[in-house]
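A short write-up of the structure that comes next.
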Amino acid sequence: MFEKVLIANRGEIAVRLIRACQEMGIRTVAVYSEADAQALHTALADEAVLIGPPAPGQSYLRGNTIIQAAVERGCQAIHPGYGFLSENADFAAAVRKAGLVFIGPTPEAMRAMGSKTAARAAMRTAGVPMVPGYQESTADADLLAAADSLGFPLLVKAAAGGGGKGMRIVARPQDLADALQSARREAQNAFGDDRIYLEKYLAEPRHVEFQVMGDQHGNVVHLFERECSVQRRHQKIIEETPSPVLTPALRAAMGAAAVQAARAVNYTNAGTIEFLVDRERNFYFLEMNTRLQVEHPITEAVTGIDLVKAQLLVAAGEPLPFSQAQITQRGHAIECRIYAEDPANHFLPSIGKVLRAVEPVGPGVRVDAGISTGAEVMLHYDPMMAKLIVWGQNRADALGKMAWALEHYIVLGVTTNIPFLLAVIQHPVFQAGEATTHFVEEHFADWQPAYDPVPDEALIAAALSDLLEGQAVVGASSPSAAAPTGDPFNPWRQADHFRLGRSR
Ligand code: ADP
């Protein structure tokens with residue numbers, strides 16, 4: 001096993017990776033930008049290396065600087081987390097060339113799955129069901145001709161796509177030519193690659209993905225599904241497992257297809273096969289994410305498997321420590337992504353200092369936080385503060401626990417989506433397990449909070465408390481902020497008066 005690993009990321013995922021390494025007796029080296037000198041991940045790692053100014057292009061995306069830091073500090077491996085360099089095959093290849101281990105798939109597998117059209121070709125060969133579509137073409141005339149046989153509505157997609165960029169829904173034939181042009185332009189700007197292709201637009205689909213894991217000895221398993229249909233702007237905000245829409249037979253078929261897909265590209269380490277499921281419960285391959293996903297903790301909750309530890313084992317050349325038959329789903333898990341953003345105002349990020357964050361504590365409640373008391377929500381980075389994960393005996397139990405946890409998650413200083421998440425999970429459609437990918441836009445387009453989640457008294461109390469502590473605001477690395485929120489001596493645990501003015 002590795003003795004020292006460099007964590008090439010920041011925020012909650014860096015903290016989570018450091019924690020797994022610590023539990024395995026592995027030393028860690030964090031990298032940080034000038035904006036993250038006080039960040040939790042910088043403080044928690046055994047060593048920390050400054051890699052540049054706040055802008056990701058000058059710090060967390062500088063592969064060569066990061067590799068150099070890993071070599072100089074005597075690391076044997078680099079974990080990229082998600083985002084930043086995690087799906088960059090050139091970076092993975094450079095890590096290998098430097099004599100280090102990239103904790104993730106091989107650059108070859110990343111390339112095979114990196115482009116959506118290359119992935120579609122590989123999946124077609126492997127016999128994995130796919131959304132009907134037409135291959136990429138540089139000639140618009142080909143695409144216009146193909147559209148007729150495909151039928152409308154259809155979706156124009158960028159081959160290099162991600163984050164919903166370069167994607168256009170086209171309802172009528174006469175709108176296609178314009179959509180092709182604008183999708184190409186957007187794809188060129190976002191990815192430096194203007195290749196586009198066509199896909200049938202499925203009505204009211206569910207997004208269901210399968211976690212897969214492979215080792216270097218030819219073993220590939222799946223760890224069941226995650227339902228991720230609740231999205232805003234094609235980005236997930238709530239995930240759960242098991243999916244309310246899968247029957248045991250469908251689950252078995254999709255699990256087998258996911259393993260087949262991973263095998264087709266000799267996949268090693270953790271990855272995710274994304275599918276869409278239509279109203280008739282047909283499933284179609286959407287894309288593969290060649291990294292650890294944000295929503296991996298719900299899989300950990302129901303399978304009892306620590307995915308990051310498994311990633312470390314596999315990367316070190318060990319066989320998977322579990323067989324397919326040993327992996328089972330127990331109970332139900334839900335994750336809510338806590339964002340510093342304003343759902344009542346186009347989900348715009350809420351930038352600023354977090355005066356207080358009081359995270360819920362209880363059995364079956366897990367909070368993976370990157371931004372907590374004293375930390376800053378910055379324009380440079382993703383405004384996700386934390387992931388709130390609950391586990392229950394069954395779906396009803398998990399839903400009740402999530403409502404409780406959201407009501408007891410208090411954030412002062414920035415606007416968060418917590419009241420919005422609560423409204424979503426209490427909505428009858430979500431409660432019935434019937435939310436599709438259109439759920440948020442259909443039911444929450446004009447949503448306004450029913451209560452003010454931050455009463456004035458709470459802000460005054462936070463300001464007073466800071467005065468009493470003799471400092472303006474505690475930094476994320478100060479002992480009081482780093483203390484676990486379950487600490488019974490933390491006065492904010494007893495802050496029930498914050499909740500008095502709140503109603504459901
Ligand atoms: P990106 O990589 O840009 O995020 P994806 O291909 O992963 O794009 O799709 C993101 C989301 O867009 C899906 O979860 C789904 O909500 C919607 N979507 C994608 N393809 C289709 C399709 N063919 N029909 C209907 N909705 C789709």
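Numbering of ligands and ligand atoms starts at 1, following listing order. Throughout, numbering of the chain's residues begins at 1 and tracks the sequence. What you see below is based on every heavy atom in this structure, not just the backbone, and it leaves out hydrogens, waters and symmetry mates. Bear in mind that the values here come from a model prediction, so they are computed numbers and not experimental data.
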Problem set entry | Salt-bridge criterion met for Lys97 and Asp90 (N-O under 4.0 Å) | no
Exercise. Step by step, would you call His207 with Glu227 a side-chain contact (heavy atoms from CB on, under 4.5 Å)?
Worked result: CA-CA 6 Å; His207 175 120; Glu227 161 88 48; 5.7 Å; no
Problem set entry | Arg337 bridged to Glu295 by N-O distance under 4.0 Å | yes
For this session: At a heavy-atom distance under 4.0 Å, which protein residues reach ligand 1? Sort them by chain and number, would you?
Result: Lys116, Val131, Leu155, Lys157, Gly162, Gly163, Gly164, Met167, Glu199, Lys200, Tyr201, Leu202, Pro205, His207, Gln231, His234, Glu274, Leu276, Leu286, Glu287, Thr437
For this session: Pick out which of Glu335, Glu209, Arg226, Glu225 makes a side chain to side chain donor-acceptor pair (under 3.5 Å) with Thr299.
Result: Arg226
Exercise. Does the distance from a Lys or Arg side-chain N to an Asp or Glu carboxylate O, for Glu441 and Arg233, drop under 4.0 Å?
Worked result: no
Problem set entry | Salt-bridge present (Lys236, Glu274; N to O < 4.0 Å) | yes
